[in-house]
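Comments concern the structure below.
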Amino acid sequence: MEEDKYAKELEVAVRVVHVACALCGRVQERLLATTNDHVLAKDDDSPVTVADFSVQATISWLLSEIFGVQNVSIIAEEDIQTISKDESASLLEAVVNTVNESLAFASKYGFQSPETTLGTSEVLEAIARCNSTGGSRGRYWVLDPVDGTLGFVRGDQYAVALALIEDGKVVLGVLGCPNYPVKTEWLSYHYQHHQTTPESSLTTPDTGGKGCVLYARKGSGEAWLQSLIDGDNMLEWPNCARLIRVSSIEDPALATLCEPVERANSNHSFTAGLAHSVGLRKQPLRVHSMVKYAAIARGDAEIFMKFAKCGYKEKIWDHAAGVVIVEEAGGVVTDAGGRPLDFSKGMYLEGLDRGIIACSGVTLHEKLIDAVYASWDSSNL
């Protein structure tokens with residue numbers, strides 16, 4: 001049956017993302033408690049941490065164990081160049097230790113731990129196996145081990161994103177948001193307070209579960225949310241998951257806009273102009289990572305717009321999981337010309353028309369697309 005086609009893949013994907021979220025939580029706690037826990041700058045000056053490499057190695061190893069190495073192809077953000085340099089020896093040692101620590105807890109999530117601890121070569125091999133280049137044929141996983149590393153190192157929002165693509169189409173997506181509590185009042189609370197409390201607890205006063213995992217299968221018309229598991233609890237499938245739906249708000253004056261925190265690869269001024277032209281009145285919520293997609297899918301916000309600066313190319317791992325979850329929750333995601341995002345061209349979203357617009361519904365989406373055309377034309381007169 002069609003609904004069973006990706007049942008095993010979806011369950012395994014959700015379970016490995018839970019493993020990754022627990023790993024990240026442990027690393028982030030250590031990171032905030034010390035002044036130096038192996039944060040490096042990559043060639044593009046973006047930060048990379050123990051968590052980025054450890055999650056990639058752990059998920060790669062688990063997927064290969066479950067489905068067989070020969071059946072698993074993964075396209076992921078990190079390569080082994082950074083971590084293989086002599087000056088990265090202490091980072092590599094920390095990654096190996098972190099991977100083994102996480103796999104020791106594998107039974108909590110329904111997996112078998114390795115019979116012996118993994119050595120350095122095995123961890124490097126697991127990272128290096130994520131060498132798919134994507135494309136329009138075949139099946140491959142798309143992984144962003146820590147989306148929003150800058151948010152991660154600041155004790156802020158980040159996500160673990162895993163999607164499965166078959167013949168160029170995203171067929172399932174899982175988004176782990178370890179600092180995004182199940183209680184929805186988090187967004188406004190955190191936005192008001194995080195400027196003055198950089199290392200504060202990221203939960204609301206009434207926490208209601210520290211983090212969550214969202215997931216969806218393409219064509220199901222359903223998106224689901226589960227809370228992360230606490231303490232010694234075992235992950236049960238489907239772990240009291242609940243259906244989520246996008247917001248029903250259609251009036252721009254009542255809508256909430258999410259946008260990237262960093263100005264480096266996003267044109268905030270153009271976004272602000274668009275927001276004003278369609279009648280958005282609320283302050284934008286600037287949130288690290290694909291948590292923006294989670295906010296729309298859960299009904300905590302209505303709009304996410306991103307217009308990259310000239311020369312920046314959007315990577316598929318920054319969007320694949322979030323897009324399918326928003327769409328199955330009832331939302332709409334296209335480029336700024338109104339066309340579906342194309343994940344079949346390799347590592348990048350090639351042919352993207354100006355930017356990306358995700359909305360809770362068709363009415364807001366159409367208004368924004370119209371505004372893009374009007375604003376873009378006038379801005380280029």
Side-chain angles (χ1 to χ4, degrees), residues 8-9 11-34 37-39 48-69 72 74 76-78 80 83-84 88-130 141 143-146 149 152-153 158-162 174 176-179 209-213 215 226-239:
K8 182 179 181 182
E9 288 85 350
E11 179 181 344
V12 169
V14 171
R15 289 180 183 275
V16 299
V17 168
H18 271 279
V19 173
C21 286
L23 183 162
C24 288
R26 290 190 292 271
V27 174
Q28 192 181 54
E29 282 178 17
R30 293 171 197 154
L31 198 65
L32 296 177
T34 180
D37 192 24
H38 310 294
V39 180
V48 64
T49 71
V50 170
D52 295 82
F53 290 111
S54 299
V55 167
Q56 186 160 315
T58 300
I59 288 182
S60 171
W61 190 86
L62 285 169
L63 290 178
S64 297
E65 284 293 301
I66 294 154
F67 295 112
V69 174
V72 173
I74 305 173
E77 180 165 19
E78 309 305 337
I80 62 168
I83 202 173
S84 300
S88 303
S90 62
L91 172 65
L92 178 55
E93 181 182 0
V95 167
V96 173
N97 291 338
T98 303
V99 170
N100 282 304
E101 176 188 34
S102 289
L103 291 175
F105 293 115
S107 61
K108 273 180 64 171
Y109 304 94
F111 299 124
Q112 274 194 309
S113 299
E115 293 180 4
T116 58
T117 56
L118 303 187
T120 301
S121 61
E122 291 166 292
V123 171
L124 283 173
E125 183 184 330
I127 296 169
R129 252 196 320 264
C130 303
W141 297 89
L143 171 65
D144 194 336
V146 180
T149 302
F152 177 79
V153 300
Y158 65 98
V160 177
L162 181 64
V174 184
C177 307
N179 285 337
K210 189 182 178 199
C212 60
V213 172
Y215 59 91
Q226 353 171 274
S227 57
L228 295 181
I229 59 173
D230 294 324
D232 296 325
N233 293 335
M234 304 284 284
L235 174 61
E236 297 176 6
W237 178 256
N239 180 26

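The side-chain heavy atoms of Trp141 and Leu162, taken from C-beta on, include a pair separated by under 4.5 Å. Residues Val174 and Val16 fail the side-chain proximity criterion, which asks for heavy atoms closer than 4.5 Å.
Atom CG of Asp232 sits in a sparse spot, with 12 or fewer heavy atoms from other residues, nucleotides or ligands closer than 6.0 Å.
Looking at every heavy atom in both residues, Phe152 comes nearest to Cys24 through CE1-O, 3.5 Å. The two residues Cys21 and Gly176 come nearest to each other via the heavy atoms SG-CA, 3.6 Å. Residues Leu23 and Ala51 approach most closely at CD2-CA, 4.2 Å, considering heavy atoms. What you find for Leu228 and Cys212 is that their closest heavy atoms are CG-N, 3.8 Å. Taking all atoms of both residues into account, the shortest heavy-atom contact from Val72 to Leu63 is CG2-O, 3.4 Å. Between Ser107 and Met234, the closest heavy-atom pair is O-CE, 3.2 Å.
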Point to revise | Audit row: Phe111, Glu65, side-chain contact (heavy atoms from CB on, under 4.5 Å) steps and yes/no | key: CA-CA 10 Å; Phe111 299 124; Glu65 284 293 301; over 6 Å; no

Point to revise | Leu103/Leu62 under side-chain contact (heavy atoms from CB on, under 4.5 Å): CA gap, chis, key distance, verdict | key: CA-CA 9 Å; Leu103 291 175; Leu62 285 169; 3.9 Å; yes

Exercise for review: Show your reasoning for whether side-chain contact (heavy atoms from CB on, under 4.5 Å) applies to Phe53 and Val123.
Suggested key: CA-CA 9 Å; Phe53 290 111; Val123 171; over 6 Å; no

Review point. Does the pair Val95 and Leu91 meet the rule for a side-chain contact (heavy atoms from CB on, under 4.5 Å), with working shown?
Key: CA-CA 6 Å; Val95 167; Leu91 172 65; 4.3 Å; yes

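For Ala128, the side chain to side chain contact (heavy atoms under 4.5 Å, CB included) criterion is met by Ile80, not counting sequence neighbours. Under the rule for a side chain to side chain contact (heavy atoms under 4.5 Å, CB included), the partners of Glu11 that lie at least two apart in sequence or sit in another chain are Arg15, Trp237. Considering only residues two or more places apart in sequence or on other chains, Ser88 meets the side chain to side chain donor-acceptor pair (under 3.5 Å) condition with none of them. In this structure, the side chain to side chain contact (heavy atoms under 4.5 Å, CB included) partners of Ala20, at least two apart in sequence or on a different chain, are Val55, Ile59, Val160.
Rounded to the nearest 0.5 Å, atoms CD1 (Ile66) and CH2 (Trp61) are 8.5 Å apart. Rounded to the nearest 0.5 Å, atoms CD (Gln56) and CG (Leu143) are 5.5 Å apart. Put simply, CD1 on Ile127 and OG1 on Thr58 are 9.0 Å apart, with the number rounded to the nearest 0.5 Å. Atoms CZ and CD, from Phe67 and Glu9 in turn, are 5.0 Å apart once rounded to the nearest 0.5 Å. To the nearest 0.5 Å, atom CG of residue Asp144 and atom OG1 of residue Thr149 are 7.0 Å apart. The structure places CG of Asn100 at 10.0 Å from OG of Ser54, a figure rounded to the nearest 0.5 Å.
Residue pairs that meet the side chain to side chain donor-acceptor pair (under 3.5 Å) test with at least one member in residues 110-125, sequence neighbours left out, are Glu125-Arg129. Residue pairs that meet the salt bridge (charged side-chain N to carboxylate O under 4.0 Å, His left out) test with at least one member in residues 98-112, sequence neighbours left out, are Arg26-Glu101, Arg30-Glu101.
Under a 3.5 Å cut-off, the side chain of Asp52 and the backbone N or O of Thr49 do form a donor-acceptor pair. No donor-acceptor pair under 3.5 Å is formed between the side chain of Glu77 and the backbone N or O of Pro145.
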